[in-house]
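In what follows, residues are counted from 1 in the order of the sequence shown. On a predicted model such as this, the values are computed, not experimentally measured, just so you know.
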Amino acid sequence: MTGPAVFFDRVKRMISLIRTPERVFEADFKSDGLAVAGKNLSFLQDPAFKEAWAFSVELNKEGWRGHVPDVRWRAHVACWAAGHCLHVPGDFAEFGVHTGIFSLTICKRHDFARQPKNYYLYDTFNGIPIDSGMTDIERKHTHMINEKLYFDCFEIATRNFAHFPNTVLVRGVLPESINLKQFSRLAFVHIDLNNVNAEMGVIQAIWDRISPGGMVLLDDYCFKGYEEQYNAWNAFCTARGYSVLSLPTGQGLIVKH
């Protein structure tokens, strides 16, 4: 079928997915606050990605107290962006690492040990610092997540990334721990700090070092409860003639031009 016939066939299939209130929505994928139906999910079964994700899950079990969340779709987005940025001048950087659920997937998927780049990994590796500038919502969330998940994981992270000698763990509070002498250019940046002041401090410090064609992937951008970050990122980008791509995974993506 071509032309209008294809369109109407898709409409019919979409209508077939509609359920009455008495019936359950039949999702093909349901995890991480995301549920979809009628979509081609073969990318999640790609052998290279599956191997990379399984590798990361195994190494992250201790950091996640035995229960690694199924954030495969977010990891796929991260791997796609990082793969593009392998061909962009500059190093990689992640701000907010924990034990490396995303960065380890990227490193394994793209055989990062063989890449002519460094991957700088910034974190306290001991939870989210309580910032006097936090909103009440951020402070409450930070206390909750620190208590339930985070602990001193620097030893675990060091062991995990020993597989990739061109990764550099930088322990400290952000943005103060950034040493701009470490890199001249950045190609790929992943930011997941759960703190609007820290995230804005980081991007203001590194923005001019991001190469044209480089990407900034935001982990918290579209999640409910992170409206402060959403608004701050939109204001930052608008002031510079950019916009953030909103993704159904909750992530946001900025492409430097």
Find the distance between [atom1] ([X]) and [atom2] ([Y]) and round it off to the nearest 0.5 Å.
X	Y	atom1	atom2	answer
Lys50	Gln45	NZ	CD	4.5 Å
Cys237	Ile254	SG	CD1	3.5 Å
Gln182	Arg209	CD	CZ	11.0 Å
Arg109	Cys107	CZ	SG	13.0 Å
His98	Leu104	NE2	CG	11.5 Å
Leu218	Asp192	CG	CG	9.5 Å

Both conditions, 6.0 Å and 45 degrees, for the charged tip of Lys256 above the ring of Trp207: are they met here? yes
[X] side chain to [Y] main-chain N or O, any donor-acceptor pair under 3.5 Å?
X	Y	result
Asp152	Asn126	no
His110	Cys79	yes
Lys117	Gly90	yes
Ser211	Pro89	yes
Thr167	Phe164	yes
Ser56	Ala52	no
Gln251	Thr249	no
Asp32	Arg74	no
Arg65	Lys61	no

Within a radius of less than 6.0 Å around [atom1] of [X], do more than 12 heavy atoms belonging to other residues, nucleotides or ligands occur?
X	atom1	value
Glu155	CD	no
Glu176	CD	yes
His257	NE2	yes
Phe183	CZ	yes

If every non-hydrogen atom of [X] is compared with every non-hydrogen atom of [Y], which pair is closest and at what distance?
X	Y	value
Ala35	Ala27	CB-CB, 4.1 Å
Glu138	Val196	OE2-N, 2.8 Å
Ile206	Val189	CD1-CG1, 3.8 Å

Say whether [X] and [Y], considering side chains only, have a donor N or O and an acceptor N or O under 3.5 Å apart.
X	Y	answer
Asp219	Tyr226	no
Ser42	Asn40	yes
Asn60	Thr99	yes

Mind running side-chain contact (heavy atoms from CB on, under 4.5 Å) on Trp64 and Ile101 for me, showing each step along the way? CA-CA 9 Å; Trp64 286 86; Ile101 191 168; 4.3 Å; yes
Could you go step by step and tell me if His190 and Phe95 meet the ring pair (Phe, Tyr, Trp, His ring centres under 6.0 Å) rule? CA-CA 6 Å; His190 184 232; Phe95 300 90; 9.7 Å; no
I want to check something: taking the side chain as every heavy atom from C-beta on, are [X] and [Y] in contact at a cut-off of under 4.5 Å?
X	Y	result
Gln115	Leu86	yes
Ile191	Trp233	yes
Val97	Phe125	yes
Pro129	Met134	no
Leu174	Thr124	no
Arg159	Ile156	yes
Leu149	Asn146	no
His84	Phe188	no

Taking [X] first and then [Y], would you say they form a salt bridge - that is, a charged N and a carboxylate O separated by under 4.0 Å?
X	Y	value
Lys108	Glu58	no
Asp70	Lys30	no
Asp28	Lys39	no

Begin from the C-alpha positions of Tyr119 and Phe161 and carry the test ring pair (Phe, Tyr, Trp, His ring centres under 6.0 Å) through to its verdict. CA-CA 10 Å; Tyr119 203 150; Phe161 286 100; 7.3 Å; no
Under the side-chain contact (heavy atoms from CB on, under 4.5 Å) criterion, do Thr105 and Phe49 qualify, and how do the steps go? CA-CA 8 Å; Thr105 309; Phe49 175 75; 4.2 Å; yes
For Val77 and Leu217, run side-chain contact (heavy atoms from CB on, under 4.5 Å): C-alpha distance rounded to whole Å, both residues' side-chain angles, the deciding distance at 0.1 Å, then the answer. CA-CA 9 Å; Val77 172; Leu217 182 62; 4.0 Å; yes
Working for ring pair (Phe, Tyr, Trp, His ring centres under 6.0 Å), residues Phe55 and His163: CA-CA 11 Å; Phe55 173 84; His163 298 271; 5.5 Å; yes
Working note: Asn234 + Tyr221, criterion side chain to side chain donor-acceptor pair (under 3.5 Å); need CA distance, chi angles, decisive distance, verdict. CA-CA 10 Å; Asn234 287 344; Tyr221 178 72; 2.4 Å; yes
Of all pairs that satisfy salt bridge (charged side-chain N to carboxylate O under 4.0 Å, His left out), the ones with a partner from residues 80-95, not counting sequence neighbours: none
Test side chain to side chain contact (heavy atoms under 4.5 Å, CB included), reference Thr142, set Asp131, Ile130, Asn195, Ile137, output is Ile130
Would you please test Leu193 and Asp220 for side-chain contact (heavy atoms from CB on, under 4.5 Å) and show each step? CA-CA 8 Å; Leu193 294 174; Asp220 306 322; 5.8 Å; no
Under 6.0 Å between ring centres: does that hold for Phe43 and Trp80? no
